[in-house]
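In the text below, chain A, chain B and the rest are named by the order of the sequence lines, each starting its count at 1. Note that the structure is predicted; figures quoted are calculated from it, not measured.
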Amino acid sequence: MATTMALRSFGRRTSIAARGFSSSCETEKAAKDGKPINLFSAINQALHIALDTDPRAYVFGEDVRFGGVFRCTTGLADRFGRSRVFNTPLCEQGIVGFAIGLAAMGNRAIAEIQFADYIYPAFDQIVNEAAKFRYRSGNEFNCGGLTIRTPYGAVGHGGHYHSQSPESFFCHVPGLKVVIPRSPQQAKGLLLSCIRDPNPSIFFEPKWLYRLAVEEVPEHDYMLPLSEAEVIRQGSDITLVGWGAQLSVLEQACVEAAKEGISCELIDLRTLIPWDKETVEASVRKTGKLLISHEAPVTGGFGAEISASIAESCFLRLEAPVARICGLDTPFPLVYEQFYMPTKNKILDAIKATVNY
Amino acid sequence: MAVLARSSSPSSLSKLLLRPHSFSSLRSFSSSAADDQRVLTIETSVPFTGHRIEPPSRAVDTTPAEILSFFRDMALMRRMEIAADSLYKAKLIRGFCHLYDGQEAVAVGMEAAITKRDGIITSYRDHCTFLGRGGTLLEAFAELMGRRDGCAKGKGGSMHFYRKEASYYGGHGIVGAQIPLGCGVAFAQKYSKDGSVTFALYGDGAANQGQLFEALNMAALLDLPAILVCENNHYGMGTAEWRAAKSPAYYKRGDYVPGLKVDGMDVLAVKQACIFAKEYALANGPIILEMDTYRYHGHSMSDPGSTYRTRDEISGVRQERDPIERVRKLILSHELASASELKDIEKEVRKEVDDAVAQAKECPMPDPSELFSNVYVKGFGAETFGPDRKEVRSVLP
């Protein structure tokens, strides 16, 4: 845990240079020994390390033994055996309940829900059993070793049940941690932190980026701090906040806005609950304007919480209403996905409207 | 023609039970065979196995007309699925596409046993069940390609085919979610006292979902006319049944609810089982049917289907148990039609499918306003706000 402390203080002290693409100070140091790999390979590496360093860590879910439908669990069964890496039948409620029990006995249960769209049968277990275990038992028991990994988000042709972003449902539950990485290097560090964090966490993996995102990822064991947002692009005119796959869309919008002379500061929230209010507030105090973007429908999405919170703490500093560019308030559509999504142009329009308010 | 007696054959070893004197007059005219309503009694090759219930007789009553219609319907379904395969590879169908070829006997046999007032609800492997319920090829292909003339107006896609007038409560994406829904429909039917039942279809993967057992318990408590049909194609996506279920005898898993195991590749067996189940359910409450069937394609178009099973297994089933070939052999051995007549039917079917595909390709996409329609009841819809927060309705290009 000394490593995390060191990383955290290192991150705070160093100013993060404005870079075109997402990176953090931790990468600068470690990038030299990194190899370019994609998201599912980075997650795979993290899982290998997790199982290697803790003999009481288990990975299970539907179809994980052959490598999983997105190849995140390749090689684990061969290396660690079928008692530690195993398939479950098709029963999400059963999978999560089982994982909670396993974690309550002091093990690290890394459960996979094949698509976030299927997480709802397990909703009761997560909200009522996992989140409240430590609280209701007066710290006698806890299921801190629980980590649920699940692919979320649009993929271009997923339709109603392979594209959803349900993160905001879980952000409403004290006792859970919700973490969303934006890139392979981030994913490995954040996943290892989630697994080793003594609280039940849900790790949403942006499925669009599984093959698409390639980055240099260090091969060693490293963790990235939870509940710390990261400023990945410095700016002075407007603060943009997002997470996961949406960040690359936001980045493109930043680049376009820069051509029109608008300097955008881009923040990756990374952990949605408990979220890093200080970083966002500091940025809004600098720019006076805020725009939040996420794929989930706008009403009741996590952007609403950020907006309300910032309005409360930075009311007098705000120069324009907080803008939210999010998915539409409809079920995730089939053929009209490109109209539903918060695209670069919608964000760009909002940036201009907010800056010129 | 004389109506044939229904008594069982003295030689139980023969697969086919046949009365000798009837067929000489209808050698070559398939049209007369297609209209022929005399009763044939044919014995299924595999007996039924019952759980807490006496299984029905293996002797199934049918007519030449019906058998020929089975052949045609299954050939149509098979051709449709193969056409869908090509359309998917040509990227005209996007998203997910789960094909039913190999399992046609279940859809066709079930239809022969029931009426359009009986309900059917199933999973995402729903294209052929839709056809069985009276859906047209055009509606099916248009829906697959997301066009306006699809059965769900292009908004549902492959996994969500519906047909209200035929009591087809659709395809469902979430595994197992349709089972409690089906029991609910059965509850409404019991209230309406119109002698109808509901068949809730699910797969061997879904058989391990908790909601199945919850729904079954409720159906049994209330004696609902619900028939739960497990289409056991032995693989839940890539997982073999014995890896997912401690007890892969799905017809027994109802415990206190009786069950029947049926050869799902034999359309006549399916028909017999469904007639039997409907009668039982109306009188006594829920029953489980396990259809022993097989799918030739992988789980979906993204799954080659050969990483978890051998090609020999697939071709073995195709050679020995293919539902269409069985009916073909039946027709030929009873001389209900000639081989060339059957080939003509297949050619007709192929042309029908090709025409429907061509027509569906011409269909327009849904109007952009459909993105927002039917979220709520009309008039209470969603409004989206433009980026400057002054627009009440967003204008799509």
Go through it in stages, so that I can follow the logic: the residues are B/K153 and B/E370, the test is salt bridge (Lys or Arg N to Asp or Glu O under 4.0 Å), and I'd like the CA-CA distance, side-chain angles, deciding distance and then a yes or no.
CA-CA 9 Å; B/K153 302 201 189 99; B/E370 290 283 358; 5.5 Å; no
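Counting heavy-atom pairs closer than 4.5 Å to chain A, the top-ranked of the candidates B/P366, B/G173, B/G176 is B/P366. Ranked by heavy-atom pairs shorter than 4.5 Å toward chain B, the options A/C91, A/P333, A/P121 are led by A/C91. For the set B/T239, B/D303, B/I174, the entry with the most heavy-atom pairs within less than 4.5 Å of chain A is B/I174. Ranked by non-hydrogen atom pairs under 4.5 Å with chain A, the options B/R94, B/R243, B/Q209 are led by B/Q209. With chain A as partner, the option from B/G146, B/A207, B/G156, B/A177 having the largest number of non-hydrogen pairs under 4.5 angstrom is B/G156.
In this structure, chain B has a heavy atom under 4.5 Å from the side chain of A/V69, while its backbone stays farther away. When heavy atoms are compared at a cutoff of 4.5 Å, A/E92 approaches chain B by way of both its backbone and its side chain. Only the side chain of A/Q114 comes within contact range of chain B, with at least one heavy atom under 4.5 Å from a heavy atom of that chain.
A donor atom on one side chain and an acceptor atom on the other are not found under 3.5 Å apart for A/E265 and A/T239. Residues B/S158 and B/H127 bring a donor and an acceptor atom of their side chains to less than 3.5 Å of each other.
Side-chain contact between B/K164 and B/Y169 is absent, with no heavy atoms from C-beta onward closer than 4.5 Å. A heavy-atom distance below 4.5 Å is found between the side chains of A/C72 and A/Y210.
Note: B/H98 and B/F96 have parallel aromatic rings, judged against thresholds of 30 and 60 degrees for the angle between ring planes.
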